[in-house]
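Each chain gets a letter, A, B and so on, in the order the sequences are listed, and its residues count up from 1. Since this is a predicted model, take the numbers as computed values, not measurements.
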2 protein chains.
Amino acid sequence: MELTERKKKILRAIVENYIQTAEPVGSKVLSAMPGMDCSSATIRNEMADLTQMGLLEQPHTSAGRIPSPAGYRLYVDELMQDYRLSVDETQSLNQAMELKLQEVDKVISQVSKMVSKMTNLPAMAMTAAANAPTVKRFDLIMAGEGSFILVIMTSGDVVKNRLIKLPLTCTEQDLKLLAAVLNASCTDLTPDSFTPELLERVSRSAGPAGALVPLVLDYATHVLSQQAKSEVYVSGQMKLLGQPEYRDIDKAQEVLSSLDGETLSNLPATMADIAGTQILVGPENIAKELKDTSVVMTRFDIGDGMQGLIGVVGPTRMDYAQVTARLSYFAENLGRMFAKPELPPSQGEE
Amino acid sequence: MELTERKKKILRAIVENYIQTAEPVGSKVLSAMPGMDCSSATIRNEMADLTQMGLLEQPHTSAGRIPSPAGYRLYVDELMQDYRLSVDETQSLNQAMELKLQEVDKVISQVSKMVSKMTNLPAMAMTAAANAPTVKRFDLIMAGEGSFILVIMTSGDVVKNRLIKLPLTCTEQDLKLLAAVLNASCTDLTPDSFTPELLERVSRSAGPAGALVPLVLDYATHVLSQQAKSEVYVSGQMKLLGQPEYRDIDKAQEVLSSLDGETLSNLPATMADIAGTQILVGPENIAKELKDTSVVMTRFDIGDGMQGLIGVVGPTRMDYAQVTARLSYFAENLGRMFAKPELPPSQGEE
DNA sequence: CTTTAGCACTCTTTGCTTCTGAGTGCTAAT
DNA sequence: ATTAGCACTCAGAAGCAAAGAGTGCTAAAG
């Protein structure tokens with residue numbers, strides 16, 4: 001059967017109406033719509049065709065039609081019209097984006113909160129390093145009271161530090177020597193290269209402070225692995241309850257349970273594949289628990305080979321156009337923000 | 001009317017049964033309980049008395065009794081028996097507590113997740129500084145590529161850093177001088193003492209690197225204010241939905257909405273007053289939205305004048321004994337953990 | 001004087017039936 | 001090809017009776 005223009009028009013109308021009302025759409029309301037120049041009977045015939053083509057379904061015989069997943073797919077791919085952000089919206093988005101100078105982690109968690117707020121749906125945000133991070137530079141600062149500060153700068157220009165108590169007495173000179181040795185031998189290495197042999201070699205050549213080497217490399221390993229690990233933040237889970245399809249708590253819980261870290265942590269794997277915004281409708285989804293929901297996500301680049309992902313989860317019947325527009329805007333600006341940071345030049349983090 | 005031993009016994013039985021079943025308790029089941037050596041009729045009489053005394057209530061005439069808020073209060077204060085953690089429980093708590101060396105912030109957020117998991121209820125965790133933090137020490141490290149790392153150690157021995165691009169050329173000597181000046185004039189001061197005059201005086205005496213002073217103090221202010229601000233983490237909101245009293249989504253949402261930062265941020269104010277574990281039953285609660293719920297919270301000390309608070313939110317009918325025991329155990333160990341950190345001596349954070 | 005058995009009464013819950021209305025599919029006329 | 005008309009279906013609301021749980025009170029028993 002052919003998908004005529006009129007059929008498309010009807011499908012679009014059904015999808016959009018259903019998105020708004022969450023109620024099955026009947027032939028009568030459709031025929032009453034402006035621009036629909038035919039009777040309800042004609043529309044019924046068309047709807048029967050669309051149902052046969054697998055684009056619509058009927059909850060039960062005496063109800064109107066709702067879009068099937070395939071129907072949504074078609075709508076999203078071909079029928080959906082771009083949603084234009086209003087001035088008000090861009091303004092409040094901009095306002096929300098005024099993130100203070102903060103650690104990447106915090107920015108990400110805040111972003112997930114903001115996205116959730118803007119879309120009124122549960123949102124997730126995460127980052128992942130594209131290539132394994134390494135240490136770019138070690139610094140050891142004497143801090144009095146028998147302790148020193150270990151400062152590590154990673155390949156992503158992220159700086160982390162830690163106050164460590166000295167297990168032995170040690171002069172500033174000793175620390176300087178150790179730092180020099182570390183910078184010579186342990187930079188640009190992934191954690192798995194920190195072999196016991198390396199460790200011993202370094203400690204020997206580092207003089208009195210050599211005993212600190214394990215502590216230092218331990219922390220380095222910790223920092224690097226944290227850096228590599230993408231942390232996932234999920235916010236606004238409760239927003240899901242506002243959606244009529246999740247008035248049933250069990251359903252909501254099922255969906256939300258799959259958002260608890262586990263499932264999402266293997267998302268970054270797919271991340272590289274995503275170009276721009278991706279919309280997963282119902283059964284196409286990541287996890288089987290999400291088969292009745294949709295996920296919309298957008299990638300953005302942080303620079304330094306890092307990528308980020310923001311997305312929302314909602315009923316299949318969500319306003320894709322609007323959500324997509326907002327996510328893209330967000331992602332774009334985040335990318336820009338990370339690319340050329342605020343003027344009093346700063347980069348990396350604490 | 002007098003509160004006889006038997007009345008107490010009955011009240012306790014009712015509370016505990018109701019905690020388990022979430023159903024009103026009738027005279028018949030009570031009389032059938034082991035240790036109840038009287039008929040259902042007698043119990044009915046006693047229950048009528050307890051109701052009159054305001055310790056019990058009846059959802060409707062033909063239902064059993066449930067404890068009133070006052071009844072809970074009495075139970076919590078006098079009747080509740082300590083819940084002893086089983087070996088299994090302490091073990092899994094210990095296991096959960098094996099927090100990796102991490103920032104205070106992250107520990108706190110993780111703690112809230114753990115508490116929620118252990119109690120199966122929404123949990124919150126937060127910290128607050130008892131006295132205004134100050135900078136204890138500045139360090140400036142040349143980092144090549146025309147940038148330097150600013151390292152700040154605060155009064156709480158927390159170390160924060162930030163990579164800053166140099167807006168001008170500047171030698172390592174210049175930075176050293178600047179650090180010396182800053183350490184001489186700007187330590188032990190709260191951010192509000194960073195007046196324009198101070199700023200100017202310092203920049204003048206700091207030689208070539210004087211132009212960096214605003215950047216440095218800006219960041220210091222940021223760090224200190226972040227330190228002073230207590231961040232609240234709430235986890236496991238969805239857990240509330242597992243409780244039968246919140247099957248009604250609107251109710252759940254109402255309660256959870258009051259957990260979104262705002263309400264909780266003025267909790268720290270009361271924090272000082274809390275000794276050990278505090279149980280707020282229904283109407284005694286912090287926010288009016290919580291009038292049908294209970295909050296249990298425990299304070300712990302982090303050292304350096306910092307305090308933390310962990311707590312859970314749940315139905316008035318929650319297992320106070322168990323929750324209290326778990327919270328206390330948690331708090332105790334957290335306190336210990338912060339007091340004398342892991343052996344390879346470390347303290348403070350990144 | 002306290003306890004208990006017995007009983008009438010109340011009120012929620014549950015299951016059932018009926019009714020209503022929205023929406024369909026089909027047929028016949030335009 | 002479109003449309004009007006009509007019989008048919010089915011979910012949801014409304015109404016109702018029966019069941020069951022639990023109470024309060026009274027009167028007898030310890």
Side-chain angles (χ1 to χ4, degrees), chain A residues 1-11 13-15 17-18 20-33 35-68 71 244-245 247-248 251, chain B residues 1-11 13-15 17-18 20-68 71 244-245 247-248:
Chain A
M1 194 167 323
E2 230 208 311
L3 191 61
T4 63
E5 266 319 303
R6 193 171 63 188
K7 282 195 173 62
K8 284 187 188 172
K9 191 153 101 186
I10 291 177
L11 178 56
I14 291 179
V15 172
N17 189 297
Y18 184 60
Q20 291 307 320
T21 63
E23 302 272 313
V25 190
S27 55
K28 211 162 161 192
V29 282
L30 281 175
S31 75
M33 283 182 173
M36 281 298 174
D37 306 318
C38 47
S39 76
S40 66
T42 314
I43 294 196
R44 272 205 292 286
N45 289 330
E46 295 285 52
M47 290 203 298
D49 290 351
L50 286 167
T51 306
Q52 212 199 320
M53 293 162 79
L55 298 173
L56 293 179
E57 10 189 86
Q58 256 178 315
H60 52 261
T61 347
S62 71
R65 301 298 212 289
I66 63 174
S68 72
E245 26 272 280
R247 300 291 312 186
D248 178 13
K251 224 170 186 174
Chain B
M1 191 167 327
E2 232 208 310
L3 191 61
T4 64
E5 267 318 305
R6 193 171 62 188
K7 282 196 173 58
K8 285 187 187 172
K9 191 153 100 186
I10 291 175
L11 177 57
I14 291 178
V15 173
N17 188 299
Y18 183 59
Q20 291 307 321
T21 64
E23 303 272 312
V25 191
S27 55
K28 212 161 161 192
V29 283
L30 281 175
S31 76
M33 283 181 172
M36 281 296 173
D37 306 316
C38 48
S39 76
S40 67
T42 313
I43 295 196
R44 271 204 294 285
N45 288 331
E46 295 285 50
M47 290 203 298
D49 289 353
L50 286 166
T51 306
Q52 212 199 320
M53 293 162 78
L55 298 171
L56 294 179
E57 12 188 84
Q58 257 177 314
H60 52 261
T61 347
S62 72
R65 301 298 212 289
I66 63 175
S68 72
E245 26 273 279
R247 301 287 319 186
D248 178 13

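- The side chain of Ser27(A) contributes an N or O atom lying less than 4.0 Å from OP1 or OP2 of dT24(C).
- With Val25(A) as reference, Asn17(A) is the one residue of Ile66(A), Asn17(A), Ile10(A) to meet the side-chain contact (heavy atoms from CB on, under 4.5 Å) rule.
- A heavy-atom distance below 4.5 Å is not found between the side chains of Lys7(A) and Leu55(A).
- The separation between Asp37(A) atom CG and dT2(D) atom C1' is 13 Å, rounded to whole Å.
- For His60(A), whose side chain is taken as the heavy atoms from C-beta onward, the closest listed nucleotide among dT3(C), dC10(D), dT3(D) is dC10(D).
- Separating the CG atom of Asp49(A) from the P atom of dG25(C) is a distance of 10 Å, rounded to the nearest angstrom.
- Using a 4.0 Å cut-off between charged side-chain N and carboxylate O, Glu57(B) and Arg65(B) make no salt bridge.
- For the OP1/OP2 pair of dT4(C) and a distance below 4.0 Å, the side-chain nitrogens and oxygens of Ser39(B) include at least one atom meeting the criterion.
- If you take CG on Leu3(B) and CG on Leu11(B), they are separated by 7.5 Å, rounding to the nearest 0.5 Å.
- Between Leu50(B) atom CG and dT23(D) atom P the separation is 12 Å, expressed in whole Å.
- Put simply, CG on Asn45(B) is 14 Å from C1' on dG22(D), counting in whole angstrom units.
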Kindly determine whether Glu245(A) and Lys251(A) satisfy salt bridge (charged side-chain N to carboxylate O under 4.0 Å, His left out), including the steps that lead there. CA-CA 8 Å; Glu245(A) 26 272 280; Lys251(A) 224 170 186 174; over 6 Å; no
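- Separating the CD1 atom of Ile66(A) from the P atom of dA11(D) is a distance of 14 Å, rounded to the nearest angstrom.
- Considering only the side chain of Met47(B), dT23(D) comes nearest among dT3(C), dA4(D), dT23(D).
- Residue Ser62(A) has no polar side-chain atom (N or O) positioned under 4.0 Å from OP1 or OP2 of dG23(C).
- Side chain of Gln58(B), nearest nucleotide from dG24(D), dC10(D), dT2(D): dG24(D).
- Straight-line distance from the CD atom of Glu46(B) to the C1' atom of dG24(D): 15 Å, rounded to whole Å.
- Proximity of Arg44(A) to the phosphate of dT27(C): no side-chain N or O atom is located under 4.0 Å from OP1 or OP2.
- Atom pair Lys28(B):NZ and dC7(C):C1' shows a separation of 14 Å (rounding to whole Å applied).
- A close approach under 4.0 Å does occur between a side-chain nitrogen or oxygen of Arg65(B) and OP1 or OP2 of dT23(D).
- Rounded to whole angstrom, the span from the CD1 atom of Ile43(B) across to the P atom of dA5(C) amounts to 12 Å.
- Using a 4.0 Å heavy-atom distance criterion, Ala63(B) is classed as a sugar-phosphate-only contact.
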